[in-house]
4 protein chains.
Amino acid sequence: MASNSFGQLFRITTWGESHGPAIGVVIDGCPAGIAITEAEINVALAQRAPGRHALTSPRKEPDEARIYSGVWEGKTTGTPVSIIIMNQDVDSSPYEAMKSILRPGHASFTYLKKYGHYDHRGGGRASARETACRVAAGVLAKKIIATQGIQTCAYLHAIHDLCTQPHTTMDELIPALRASSIFCPEPLIEAQMLARLSATQATGDSLGGVVTFLATGLPAGLGDPIYEKIEANLAHAMLSIPASKGFEIGEGFGAAMMHGSEHNDGFRSDLTTRTNHAGGTLAGVTTGMPLYGQVAFKPTSSINQAQQTTDVIGNPRTWHLPPGSRHDPCVAIRAVPVVDAMCALVLADALLMHRTAQMEFSF
Amino acid sequence: MASNSFGQLFRITTWGESHGPAIGVVIDGCPAGIAITEAEINVALAQRAPGRHALTSPRKEPDEARIYSGVWEGKTTGTPVSIIIMNQDVDSSPYEAMKSILRPGHASFTYLKKYGHYDHRGGGRASARETACRVAAGVLAKKIIATQGIQTCAYLHAIHDLCTQPHTTMDELIPALRASSIFCPEPLIEAQMLARLSATQATGDSLGGVVTFLATGLPAGLGDPIYEKIEANLAHAMLSIPASKGFEIGEGFGAAMMHGSEHNDGFRSDLTTRTNHAGGTLAGVTTGMPLYGQVAFKPTSSINQAQQTTDVIGNPRTWHLPPGSRHDPCVAIRAVPVVDAMCALVLADALLMHRTAQMEFSF
Amino acid sequence: MASNSFGQLFRITTWGESHGPAIGVVIDGCPAGIAITEAEINVALAQRAPGRHALTSPRKEPDEARIYSGVWEGKTTGTPVSIIIMNQDVDSSPYEAMKSILRPGHASFTYLKKYGHYDHRGGGRASARETACRVAAGVLAKKIIATQGIQTCAYLHAIHDLCTQPHTTMDELIPALRASSIFCPEPLIEAQMLARLSATQATGDSLGGVVTFLATGLPAGLGDPIYEKIEANLAHAMLSIPASKGFEIGEGFGAAMMHGSEHNDGFRSDLTTRTNHAGGTLAGVTTGMPLYGQVAFKPTSSINQAQQTTDVIGNPRTWHLPPGSRHDPCVAIRAVPVVDAMCALVLADALLMHRTAQMEFSF
Amino acid sequence: MASNSFGQLFRITTWGESHGPAIGVVIDGCPAGIAITEAEINVALAQRAPGRHALTSPRKEPDEARIYSGVWEGKTTGTPVSIIIMNQDVDSSPYEAMKSILRPGHASFTYLKKYGHYDHRGGGRASARETACRVAAGVLAKKIIATQGIQTCAYLHAIHDLCTQPHTTMDELIPALRASSIFCPEPLIEAQMLARLSATQATGDSLGGVVTFLATGLPAGLGDPIYEKIEANLAHAMLSIPASKGFEIGEGFGAAMMHGSEHNDGFRSDLTTRTNHAGGTLAGVTTGMPLYGQVAFKPTSSINQAQQTTDVIGNPRTWHLPPGSRHDPCVAIRAVPVVDAMCALVLADALLMHRTAQMEFSF
């Protein structure tokens with residue numbers, strides 16, 4: 001099935017391979033009248049770009065998005081917004097020599113089984129480069145929800161066993177994140193993380209991490225029972241990000257270690273809750289409290305160490321990065337803006353959907 | 001939007017409230033020729049029924065499913081299968097006195113905000129009773145995937161801090177689960193869990209838990225990049241279950257604590273992998289290794305203790321269970337067959353979808 | 001794929017066979033707060049019921065709909081509305097003797113090829129009985145659009161070469177249709193039609209017909225470019241009705257015989273158009289002028305004459321109606337309320353969708 | 001909702017405005033392994049290009065499609081195929097002076113009402129230029145169905161009252177169409193049509209027309225009851241083409257003038273039917289007989305005559321083509337390849353879907 005789309009009313013469709021001429025996204029269902037510029041998209045793309053700090057992989061081109069349709073005189077028109085990002089750094093020759101080897105942790109084996117062939121050039125469609133399209137679309141999603149006062153952000157909560165405190169105050173988070181090259185809001189932890197990253201990179205190995213997402217300013221009522229619960233759509237969104245392995249809303253797995261008397265969030269006279277263990281959702285619908293949760297990322301599969309594996313017909317082979325390659329010691333860092341974008345996409349969709357829930361709403 | 005459906009090619013639509021006359025499910029897209037009986041569905045329903053062991057809530061009626069369409073002479077016909085389960089125990093009067101109180105951890109507040117009213121009778125549509133429909137549909141899904149040699153199961157991995165070992169061998173699990181009233185495969189842990197449940201119930205409190213799902217016999221190739229990854233659809237499925245708060249595939253959040261050199265699963269000459277940290281999926285597509293993961297459940301929100309909250313206009317109120325009620329001290333137990341059913345539904349859909357991936361497949 | 005659903009935001013899913021225990025419809029996406037009763041649905045069902053006049057087929061039971069969910073204290077709750085209609089007159093024995101014969105014009109051959117078997121009992125799922133579910137759902141759709149001042153109706157425009165004038169004034173049409181047993185608004189034509197029907201029925205033969213649909217009170221702006229044009233969705237809806245063979249919007253095929261200077265509808269100072277050749281839609285979006293068009297129906301396939309055909313393995317056979325059967329000489333008559341319901345379903349969906357088109361709309 | 005996509009399993013999403021930098025289509029769900037080149041797409045685009053014969057509008061650039069993703073080493077990979085066509089002839093200045101005038105028969109009024117603004121540049125998104133994307137996608141669809149021996153074509157059946165005979169033999173049609181600049185298979189009728197077109201163009205007026213579609217080599221069994229009937233999807237597809245006003249399958253409206261004894265197609269010993277009044281479908285599923293039908297097109301709305309209309313606030317205005325413009329006297333001609341493409345798209349989708357209907361099919 002058409003599996004390269006996400007969202008119902010605010011729907012993105014992405015296309016493109018890491019080593020093809022370009023990647024792109026078509027955003028369908030964007031309401032008319034949203035002001036948007038290419039410059040704004042490029043600022044967002046720079047956030048997730050490789051090479052942002054010394055430790056991520058060094059694809060050096062600045063991503064430049066061009067809007068090909070759906071925007072006229074600076075505003076969306078209601079027609080599909082097509083955004084294209086050219087690929088500039090696409091030497092796939094280093095991969096030629098290893099094209100029949102099954103890279104551990106990569107799509108090579110499963111795509112081969114699914115499609116009967118495999119595009120070995122740097123990950124092809126399965127490359128994280130696809131996520132640039134999500135970040136571009138996320139810019140529009142964030143503008144839509146901002147019209148209702150909703151803000152989202154994401155930060156690097158943990159690398160391996162180094163982790164931050166929980167943060168739910170947007171006003172403090174935003175400037176803190178701006179000051180960090182790895183989206184970590186706590187300078188002391190950030191310093192430890194950077195040291196750990198350097199040390200691990202020196203060994204050629206990689207590290208897993210955890211990203212926290214947060215949304216504030218939400219009205220109560222977003223999300224649709226039973227199968228379009230806000231947390232179900234968020235979980236779907238987050239597990240569609242390459243390398244993600246887990247999702248939590250609110251206390252998440254921690255809730256499994258709590259008692260009901262502790263976890264239940266009682267209401268106050270202003271109809272907010274005293275605590276927010278639930279993470280801003282009850283029965284799949286937002287409560288108006290901050291929506292937050294976490295996404296786990298596995299350690300980068302591409303490591304600079306020899307790995308024992310086989311070729312496509314089972315002959316033992318050793319896989320190693322092409323000579324001269326550098327690798328990204330922790331994919332969770334570059335995943336931060338993607339997690340944020342996916343959260344915004346889910347909320348934009350839910351917001352448009354919510355307008356159909358009650359007949360008394362004015363048309 | 002139509003939010004009461006799940007799946008694309010094998011699609012279920014559920015309807016009904018806990019205190020209405022009946023609940024039901026329409027299964028659309030079921031291939032013709034699958035043998036199915038009402039008795040088989042009733043066996044599955046008995047698994048998740050309340051009252052199965054002494055500690056779950058005591059709604060005593062045996063659920064009886066009736067097939068109203070789509071099956072003829074014992075086999076599916078290709079037309080929609082409509083299954084209806086009558087509600088027999090629907091006294092909603094105990095809830096009348098408390099109907100304007102916002103129950104902590106329940107849908108009352110959010111449904112009110114979403115729809116402008118709230119059906120207070122025992123949870124209404126948000127009640128876990130809806131999950132009986134998923135279990136009924138799961139029986140058909142399990143039969144579809146069984147035609148290709150795929151089996152699924154789920155078990156209770158943890159209640160609070162009491163947890164089992166990981167299990168990935170279906171042959172041992174199935175009989176062990178049959179012997180347990182709480183779906184726990186390890187008798188020693190089961191005994192501890194039962195003791196903890198009794199003790200907690202005596203205090204009126206509740207406990208969270210974790211359920212593990214497992215599927216074996218899978219071909220490589222199921223799941224569709226980018227947004228219909230098998231783990232994305234599983235996450236969506238699991239977070240749509242009432243009270244679920246987290247999802248993991250493979251090592252899950254544990255992967256965030258690993259190094260790449262440790263997490264990567266190298267291939268062997270038979271194209272299986274030496275380890276299976278990934279949990280049977282790479283880049284969203286099954287590898288053929290066992291698919292496994294976990295789902296976290298919060299402690300039951302209905303506790304037998306007074307809770308401070310408000311009514312719908314913010315007046316302070318105390319919520320307590322209606323006199324004479326009993327409560328379910330751990331919803332994770334009854335969620336086990338639901339987790340299993342959702343896993344089967346995701347796989348049935350992916351299996352049908354997979355037939356369209358390569359043109360060389362025979363029609 | 002799940003092919004038994006229609007609509008996106010206001011979505012119906014129908015189930016059931018003509019000779020099974022019941023048929024039903026689940027309506028998902030209905031906004032909360034719509035007043036609805038079973039009695040209102042039954043009035044609508046009586047319109048399409050067989051046996052309404054002397055000439056349609058004589059299945060005599062009064063259809064009685066029961067609402068099983070989604071309505072509480074007389075109003076929709078926002079949860080799925082499940083409506084079930086029991087089948088009371090289901091003797092399938094007359095069809096036993098002919099079960100291997102391919103009935104000309106029926107689903108027997110194509111369903112056999114699609115599903116590998118065929119439910120021969122009176123048409124099974126392909127029976128027009130399924131359309132009762134559409135009429136039931138149409139009652140809710142009509143109520144939704146009525147909140148915005150939109151009304152729909154349909155009438156019998158033609159049987160064979162006997163046809164009415166075009167009608168676009170709802171105030172005259174509604175009482176005229178109430179007075180006619182065959183939904184024909186012109187008494188003189190109705191009399192000729194009834195005479196023709198009697199004469200044809202006497203020969204055992206059947207007649208084709210044409211139904212006109214009409215909607216008034218529409219705002220400009222409903223319908224979504226490019227592939228959800230209002231006329232595209234109407235065409236889809238109408239061609240999903242059993243026995244339908246053609247669809248026109250506005251002048252339809254007549255437009256192919258016009259010049260541009262004649263067909264173009266110029267605007268007036270009140271932004272209505274002088275003429276309405278377009279039928280109330282431009283580029284797929286409503287203009288606010290009356291929406292109208294036609295649907296062609298083939299003559300009833302079941303005729304009371306011997307027909308030369310074969311059995312499922314190609315042996316020559318003669319097909320005739322079971323002894324004692326009566327047949328419906330013109331299916332277009334009973335299709336009238338179905339056409340009306342489908343029009344209302346399309347408009348309800350488009351109305352809900354329209355709320356997402358502009359950001360300036362208040363939430 | 002995302003309304004710029006068509007199809008379920010084989011799904012196209014189009015984007016772009018006539019006066020923007022480019023238009024494009026993303027084809028999702030295309031099976032891996034289909035050989036395709038840009039040259040093949042360009043040949044198809046040349047068929048619908050303006051300027052193909054003296055009488056269509058003179059946008060002179062040759063459309064050149066570029067494949068940006070989803071094809072590697074000459075074959076589809078299973079990932080989305082992104083095709084982009086640059087716009088080269090986009091002087092929108094002639095429209096500036098008239099930008100506030102409501103063009104009769106155009107999208108200006110309805111898009112304004114829907115989106116709160118209007119892109120006046122030559123039709124914007126509502127321009128028929130969007131159909132080039134459908135033709136490009138149709139090339140892939142035709143290749144998919146050709147793997148199963150299915151062929152489609154379309155021809156110009158009528159301009160105003162000049163019409164051809166019915167044609168259902170692909171072998172004669174294909175070369176006849178290749179020889180005609182207006183897709184008319186009968187040279188004598190073609191000559192009359194060309195003369196009529198010239199005469200009408202001289203007056204500045206335009207003409208309606210009818211296009212016939214035809215598909216042969218079909219297996220029995222394509223199409224899905226109830227709401228995805230093959231004729232319902234075809235009707236949806238055809239009414240989504242700009243300027244289309246009607247759809248018929250088989251005898252279409254002619255069936256309304258027939259008796260059942262005449263219309264019913266009896267089976268022969270080879271399980272084909274003696275006649276094919278049904279047009280190759282019974283109960284929404286293909287019979288294996290040729291699938292055929294017709295699509296009506298209104299006369300071109302842009303005529304070279306002054307037309308009385310208003311501006312957006314109701315002031316009387318006269319609309320005329322910008323000086324020096326030429327106009328297309330009959331849009332039905334250029335619609336022929338679009339009708340053919342839409343037929344192929346519907347069949348490709350139905351073909352992929354059909355693989356899920358029976359469990360006995362091998363995986």
Looking at chain B, which one of [options] has the largest number of heavy-atom pairs inside 4.5 Å, strictly under?
options	result
A/Thr286, A/Asn264, A/Leu234	A/Asn264
A/Ala243, A/Ala126, A/Ala278	A/Ala278
A/Gly284, A/Pro299, A/Gly314	A/Pro299
A/Asp270, A/Val210, A/Leu271	A/Leu271

Given a strict heavy-atom distance threshold of 4.5 Å, which part of [X] is in contact with chain B: side chain, backbone, both, or neither?
X	answer
A/Ala220	both
A/Thr200	side chain
A/Gln294	both
A/Lys229	side chain
A/Thr273	neither
A/Arg125	both
A/Phe6	both
A/Asp161	both
A/Leu222	backbone

I'd like to verify something: which residue of [options] has the highest number of heavy-atom pairs under 4.5 Å with chain A?
options	value
B/Gln305, B/His117, B/Arg274	B/Arg274
B/His263, B/Met238, B/Glu262	B/His263
B/Leu112, B/Asp205, B/Ile159, B/Ile303	B/Asp205

Short side-chain to backbone donor-acceptor contact, [X] and [Y], under 3.5 Å:
X	Y	result
B/Thr110	A/Leu282	yes
A/Lys298	A/Gly105	yes
A/Asp224	A/Met353	no
B/Thr310	A/Phe267	no
B/Tyr292	B/Asn276	yes

Show your reasoning for whether side-chain contact (heavy atoms from CB on, under 4.5 Å) applies to B/Val211 and B/Phe297.
CA-CA 8 Å; B/Val211 176; B/Phe297 289 89; 3.7 Å; yes
Expected list for residues 248-260 of chain B: side-chain donor-acceptor pairs under 3.5 angstrom, two or more places apart:
unit_1   : atom_1 : unit_2   : atom_2 : d
B/Glu248 : OE2    : B/Phe253 : N      : 2.9
B/Glu251 : OE2    : B/His277 : ND1    : 2.7

Would you list the pairs meeting side-chain hydrogen bond (donor to acceptor under 3.5 Å, both in side chains) in which at least one residue belongs to residues 231-240 of chain B, sequence neighbours left out?
A/His236-B/His236, B/Arg134-B/Ser240, B/Glu228-B/Asn233, B/Glu231-B/Thr281
Given A/Val346, A/Val285, A/Asp349, the one that forms side-chain contact (heavy atoms from CB on, under 4.5 Å) with A/Ile230
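With A/Ile230 as partner, side-chain contact (heavy atoms from CB on, under 4.5 Å) holds for just one option, A/Val346.
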